Amino acid sequence: MMLELRGVHAHYGPIHALRGVDMAVQVGEVVTLIGANGAGKSTLMMSLFGLPRASAGHIIFDGEDITGLPAHAIARRGIALVPEGRRIYPRMTVLENLQMGAALADPLNFEVDLQRMCALFPILGERRHQRGGTLSGGEQQMLAIARALMARPKLLLLDEPSLGLAPLYIRKIFQTLRELNRDHGMTILLVEQNAHHALRVAHRAYVLQHGSIVLAGTGRELLASAEVRAAYLEGGQVR
Amino acid sequence: MALALQQLINGLTLGAVYGLIAIGYTMVYGIIGMINFAHGDIYMVSAFIAVTGFTLLAALGVSSVPLALLVVLVVSVLFTSVYGWAVERTAYRPLRGSTRLAPLISAIGMSIFLQNMVQLTQGARVKPIAPVLIGGFDLLTIDDFTVHLAYSQVLIILVTVALMLAFTFVINRTSFGRQQRACEQDRTMTALLGIDVDRTISFTFMLGAMLAAVAGVLVTVYYGVVDFYIGFVVGIKAFTAAVFGGIGSLPGAMLGAILNGLIEAFWVAYLPPEYKDVATFAILILVLMFRPSGLLGRPEVEKV
């Protein structure tokens, strides 16, 4: 078991954002979490790092209870996040952004990993001396993914990687995720509003509603489910 | 002409000292968005450590000036960086995540505390030391006015330039510097990449204190007197320099400090000297009216 949440509650300011979430991610799996805007998806992602800290319940990563550890200590155990809104460093070059991603990794791997990222996303190699803030949204998303991968994580988390991107980039990013999982065995937990793409790439999926898991199944099952179709697929994001 | 040259030298010396202190203000502002009002007093503490150091070394019979300088610099930098660390740890970190105003008030309290601590333990009177570095170069004489460049001025300018270069290298080229800049841009994200943000903030305070410590030692050598109140005045000047250049910007702090030093020196030479501080702050106000983010500061709006 890579990641397990047991009855996790979390508060985001005055809002009781997570109300007893149980979910699991197995080694080598792609798991998708879908849900409407405000369902608590991003809070769930951040609460894995203790931001906000789970007010009840336990988060188990790789056999260890990480509930209550500081964020940097959790990251050091091998979880990397591609956050909502990308959050690349706008005033650092592409190369420096990647160096930040590799801050915990073995420096001996740096060159190899850098080459790998440039092969994965050639645009990053071409723009390595350009400031992050000057990249387009899609390029920034690639940079955010590459930055996360530089740490050689055991578990890769992505929060809305397709948000606001052109279809071309969306396809590229989902294709990359599929390859990472298939060819490198990367375990991925993906949060998306773009349910169609996200469910197709997922082995298993959960639906989050008002801070609770209301539905779980394989990606295929959820794609076929009438409930999911009505709420998250046909007609876009219906609340 | 000769007077102008003399004041250029004096102004650069003064600016160098302001610059060493201004860096601490601007770095701390950059990383946690607060003005560390106790920073000037950190500088004052280091000046007292220098006085004690020089006096002690003289009593021990150390007559070599370079040796005495080196020992005092090292000791002062070490002790002062501990002060910088302790101030952050006790007065600011517990207030992180509180309102923006709380650490500011705490900083003012810390400043008063340090001043009173030194006043009580060292006395309120001005403390002189035996001159450490005497003499200098007479550069040229025009109409009976000799332009003098003291050895202590050479020392101040050389040490400052060397430190600024080293410091720029650390911030731009080392992994610590990168982490420091990363925290400045996005602290949460930096923690998510596995970096201990609290430790980076501690190091930032220590680094700022170290530079202020060097300034404290150099000023002690230059003027030969210290008192518990010097931190306030010089601190405000250095802070002004940081705002002048654009708070949060390192080159800005250096530029603002040099300009501040020059303005002060030239004003004193040609205009009523009692108005020199008024002039400094008036020019600051003028600059901020037309460039609210300072000379080299970033405008607040950014492309996302």
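None of the values given here were measured: they were computed from a predicted structure.
Both the backbone and the side chain of A:Tyr89 come within less than 4.5 Å of a heavy atom of chain B. With a 4.5 Å cut-off on non-hydrogen atoms, A:Ala71 touches chain B through its backbone and its side chain both.
Within a 6.0 Å radius of CZ in B:Phe167, more than 12 heavy atoms belonging to other residues, nucleotides or ligands are found. Summarising the local packing, NE2 of A:His58 is surrounded by 12 or fewer heavy atoms from other residues, nucleotides or ligands at distances under 6.0 Å.
Classification of B:Glu184 and A:Arg91 as a salt-bridged pair fails, no side-chain N sitting under 4.0 Å from a carboxylate O.
Minimum interatomic distance between A:Met46 and B:Leu192 (heavy atoms only, all atoms of both residues): CE-CD1, 4.0 Å. Among all heavy-atom pairs drawn from A:Met92 and B:Ala182, the shortest one is CE-N, 3.3 Å. Across all non-hydrogen atoms, the minimal contact from B:Ala191 to A:Ala75 is O-CB, 4.1 Å. Residue B:Thr190 comes nearest to A:Met100 through the heavy atom pair CG2-CE, 4.1 Å, listed as atom of the first residue, atom of the second, then distance.
Within the 4.5 Å cutoff, the side chain of B:Leu193 has no heavy atoms near those of the A:His72 side chain.
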Residue pair A:Ile88, B:Met189: steps toward the side chain to side chain contact (heavy atoms under 4.5 Å, CB included) verdict: CA-CA 8 Å; A:Ile88 54 134; B:Met189 189 62 230; over 6 Å; no

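Among A:Asn97, A:Leu81, A:Leu51, A:Leu104, the residue with the largest count of heavy-atom pairs under 4.5 Å with chain B is A:Leu104.
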